[in-house]
Amino acid sequence: MPEAALHVGSGKVRELYALDDDRLLLVASDRISTFDVILPTEIPDKGRVLTGLSAFWFARTRDICPNHLLALRADGRSTECRRLEMLPIECVVRGYLSGSGWKDYSVTGAVCGHELPTGLTESAQLPQPIFTPATKATTGHDENIDRDAAAELVGGDLLDRVERVSLELYRFAAEHAGSRGIVIADTKFELGFDDEGRLVLGDEALTPDSSRFWPAEEYRSGGAQPSFDKQYARDYCESLGWDKTAPGPELPEEVVAGTRARYVEAFERLTEIRFDDYLASPDVVLR
Ligand SMILES: Nc1ncnc2c1ncn2[C@@H]1O[C@H](COP(=O)(O)OP(=O)(O)O)[C@@H](O)[C@H]1O
Ligand SMILES: [Mg+2]
């Protein structure tokens, strides 16, 4: 596939190739994880959905922050991008109380040093979105950190900038998604510096893998919400009584088909572009 490109790494979902000193090729696979375990079964086109959605957002958020996208390849899953020096933190924004944010709040009444009103229930919308950075764990789970710990890693002034940019990106996307029937409960950005010292948005952005997407029509605070994209796969895995440690179970055909349909639906709702049109010509998301 990537001609004369050096394979430089494998993430959980992406393969990374160096095109030259300044450019990388990110190739998104169809791998899926549930409960943090990569399953042996792939979801056809999932990598294309993630790539197309990221590119859609990159093309619409340049005024908020420049990004690493240089070109989309015709396969719909490969992104040519500027190579960045990534910051050592995950830039998480939460608009709703879920996952580790909900856990931390239940125990301490705060998330990453943000004191929150008392009496919030699971999945409640927060009075305003909050920036809750995390460390980039090389193994295991990312760990939420407070402002001081994050400032220690990147410096206080840069942290202020990163927080402003992350909140602005989230607000923009959450408003758009809300109008299309998807709640973006929280999301994670990865930022880095290019060789001219500019702060640039990298990685994937505002996809179902880097965010919690909830179907707006089913949203009710006071408990866990169904995942827009992974619910079939999760429910199936839970129904087996699987202990949620690797290796994960194979998914049967109907669960694969249902899950694929949800990823495609997320793409079509958010972009208002038919997925078949994306497959025919990925650049449609950039217009
Ligand atoms: N423009 C970029 N320059 C350098 N590294 C990048 C860039 N964009 C993304 N990355 C890195 O590429 C990897 C993406 O692969 P992925 O499968 O998503 O990994 P992970 O398992 O860490 O989520 C991440 O480690 C991310 O930090
Ligand atoms: Mg990733």
Side-chain angles (χ1 to χ4, degrees), residues 1-2 5-39 42-43 45-59 61-62 65-73 75-93 99-100 133-143 150 153-154 162 165-166 169 184 186-213 227 229-230 246 248 263 266:
M1 179 205 322
L6 184 69
H7 187 239
V8 292
S10 294
K12 287 187 288 289
V13 168
R14 287 173 185 74
E15 300 301 327
L16 276 74
Y17 301 86
L19 293 171
D20 53 40
D21 287 351
D22 313 319
R23 295 181 309 144
L24 291 177
L25 188 69
L26 293 188
V27 183
S29 72
D30 292 334
R31 296 193 281 272
I32 185 172
S33 61
T34 51
F35 308 107
D36 279 334
V37 175
I38 302 278
L39 301 180
E42 300 196 327
I43 305 299
D45 292 326
K46 173 175 174 281
R48 294 191 168 94
V49 167
L50 302 181
T51 300
L53 268 179
S54 292
F56 171 83
W57 294 115
F58 285 145
T61 56
R62 287 207 180 92
C65 183
N67 59 67
H68 70 167
L69 174 73
L70 296 171
L72 278 180
R73 292 216 170 157
D75 66 6
R77 65 169 77 248
S78 304
T79 309
E80 294 178 13
C81 62
R82 234 185 298 277
R83 190 196 285 248
L84 305 175
E85 197 65 57
M86 304 307 289
L87 302 185
I89 56 170
E90 311 254 20
C91 303
V92 178
V93 179
S100 65
T135 55
K136 273 189 191 173
T138 37
T139 57
H141 286 281
D142 299 336
E143 192 190 330
L153 289 169
V154 301
V162 163
V165 165
S166 300
L169 288 167
I184 303 182
D186 50 42
T187 197
K188 176 211 67 170
F189 301 108
E190 292 194 28
L191 291 130
F193 286 106
D194 69 8
D195 54 8
E196 288 154 40
R198 291 188 314 162
L199 185 65
V200 174
L201 177 62
D203 203 52
E204 62 177 335
L206 299 157
T207 69
D209 271 20
S210 66
S211 321
R212 273 194 185 82
F213 284 5
S227 158
D229 40 292
K230 281 190 185 164
Y263 274 91

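Remember, it's 1-based here, ligands and their atoms both numbered in the order they're listed. Computed from a prediction, not measured in an experiment: that's the story for all the values here.
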Colleague: Find the distance between NZ (Lys136) and CG (Leu87) and round it off to the nearest 0.5 Å.
Modeller: 7.0 Å

Colleague: Starting at CD of Glu204, measure out to CZ of Phe58 and round the result to the nearest 0.5 Å.
Modeller: 8.5 Å

Colleague: For atom 19 (O) of ligand 1, what is the nearest protein heavy atom, given as residue, atom name and distance?
Modeller: Gly11 CA, 3.5 Å

Colleague: Please write down residue, atom name and distance for the protein heavy atom closest to atom 3 (N) of ligand 1.
Modeller: Leu84 N, 2.9 Å

Colleague: Tell me the contacting part of Glu204 for ligand 1: side chain, backbone, both, or neither, using a 4.0 Å heavy-atom threshold, strictly below.
Modeller: neither

Colleague: What atoms in ligand 1 come closer than 4.0 Å to a heavy atom of Leu24?
Modeller: 2 (C), 3 (N), 4 (C), 5 (N)

Colleague: Should the pair Lys46-Asp229 be classified as a salt bridge under the 4.0 Å nitrogen-to-oxygen rule?
Modeller: no

Colleague: Would you mind checking which non-hydrogen protein atom is closest to atom 27 (O) of ligand 1, with the distance to 0.1 Å?
Modeller: Glu190 OE1, 2.6 Å

Colleague: Among all protein heavy atoms, pick out the one at the shortest distance from atom 12 (O) of ligand 1; state its residue, atom name and that distance to 0.1 Å.
Modeller: Leu16 CD2, 3.4 Å

Colleague: Could you tell me the residue and atom name of the protein heavy atom closest to atom 21 (O) of ligand 1, and the distance to it rounded to 0.1 Å?
Modeller: Lys12 N, 2.8 Å

Colleague: Using distance alone, determine whether His68 and ligand 1 share an N or O pair under 3.5 Å.
Modeller: yes

Colleague: Using 0.5 Å steps for rounding, measure from the CG atom of Asp22 to the CG atom of Leu84.
Modeller: 11.0 Å

Colleague: May I ask you to identify the nearest protein heavy atom to atom 8 (N) of ligand 1, giving residue, atom name and distance to one decimal place in Å?
Modeller: Asp203 N, 3.1 Å

Colleague: Any non-hydrogen side-chain atom of Phe189 less than 4.5 Å from a side-chain atom of Leu206?
Modeller: yes

Colleague: Considering distance alone, does some N or O of Arg82 sit under 3.5 Å from an N or O of ligand 1?
Modeller: yes

Colleague: Output yes when the distance from some N or O of ligand 1 to some N or O of Met86 is under 3.5 Å, and no in every other case.
Modeller: no

Colleague: Atoms of ligand 1 less than 4.0 Å from Val13 heavy atoms?
Modeller: 17 (O)

Colleague: Could you tell me whether Glu196 and Arg82 make a salt bridge, using a distance below 4.0 angstrom between a side-chain N and a carboxylate O?
Modeller: no

Colleague: Determine whether Arg73 and Glu80 make a side-chain contact, defined as any pair of heavy atoms from C-beta on separated by less than 4.5 Å.
Modeller: yes

Colleague: At what distance is the nearest protein heavy atom to atom 18 (O) of ligand 1, and which residue and atom is it?
Modeller: Arg14 NH1, 3.0 Å

Colleague: To the nearest 0.5 Å, what is the distance between CG (Leu50) and CG (Asp209)?
Modeller: 4.5 Å

